[in-house]
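Heads up, the thing below is written out as structure tokens.
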Amino acid sequence: MAVRQAQPRLYSERWLMLAILSMLAMLSDWICFSVAPIPSIMEKAFRGLDAATLVTIFLSTNVMFCFVEPYLIVRRGLRRVVVDGCWLMFAGE
């Protein structure tokens, strides 16, 4: 007896959330790598921290949340994780 496997359903909302998540990742990386390497801007914005330290902090937290993100998506859903991520980015900027 053959077992029929269910095909995954694709929703347009998922593609929208993926597009938003991709744009947020691009924006985050763009800000980090375009502003952080400019020492004069860094000194005004973050006194006492050099650019290399901030880039290291950014990359470390980025990697850490790459491991946490799938768990959060399963527990809370893609939309909630993307919206919460938007708010965190807004608060951090």
Side-chain angles (χ1 to χ4, degrees):
M1 180 177 197
V3 177
R4 185 175 171 206
Q5 293 182 346
Q7 295 293 324
R9 290 188 65 188
L10 299 177
Y11 299 95
S12 59
E13 292 86 8
R14 288 184 181 176
W15 289 109
L16 176 63
M17 288 297 119
L18 180 62
I20 292 171
L21 187 63
S22 297
M23 294 297 289
L24 288 171
M26 183 188 77
L27 178 65
S28 174
D29 290 347
W30 183 20
I31 290 169
C32 175
F33 296 116
S34 65
V35 175
I38 304 171
S40 61
I41 295 175
M42 294 303 299
E43 289 172 4
K44 290 178 184 175
F46 302 98
R47 300 196 190 286
L49 290 175
D50 62 332
T53 302
L54 287 173
V55 170
T56 302
I57 291 170
F58 169 79
L59 292 175
S60 300
T61 55
N62 197 0
V63 168
M64 180 186 72
F65 277 100
C66 285
F67 292 114
V68 175
E69 180 187 14
Y71 171 76
L72 292 175
I73 289 173
V74 169
R75 299 284 294 171
R76 303 192 68 204
L78 180 61
R79 178 187 166 98
R80 185 76 254 156
V81 172
V82 169
V83 170
D84 289 348
C86 290
W87 280 112
L88 286 171
M89 285 182 64
F90 174 74
E93 298 297 324

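- In the hydrophobic clustering of ILVMFWY residues, with side-chain heavy atoms under 4.5 Å counting as a link, Val63 and Leu72 come out apart.
- Between the CG atom in Leu27 and the CD1 atom in Ile20 there is a gap of 13.0 Å [rounded to 0.5 Å].
- The neighbour count for Met23 CE, taken as heavy atoms of other residues, nucleotides or ligands under 6.0 Å away, does not exceed 12.
- From Met17, atom CE reaches atom CG of Leu24 across 10.0 Å, with rounding to the nearest 0.5 Å.
- Criterion: ILVMFWY side-chain heavy atoms under 4.5 Å apart, direct or through other members. Under it, Val74 and Val81 are not part of a common hydrophobic cluster.
- Taken together through direct or relayed side-chain contacts under 4.5 Å among Ile, Leu, Val, Met, Phe, Trp and Tyr, Tyr71 and Ile73 form part of one hydrophobic cluster.
- Put simply, CG on Leu18 and CD on Glu13 are 13.5 Å apart, with the number rounded to the nearest 0.5 Å.
- For the atom pair CZ of Phe65 and CG of Leu88, the computed distance is 7.0 Å after rounding to the nearest 0.5 Å.
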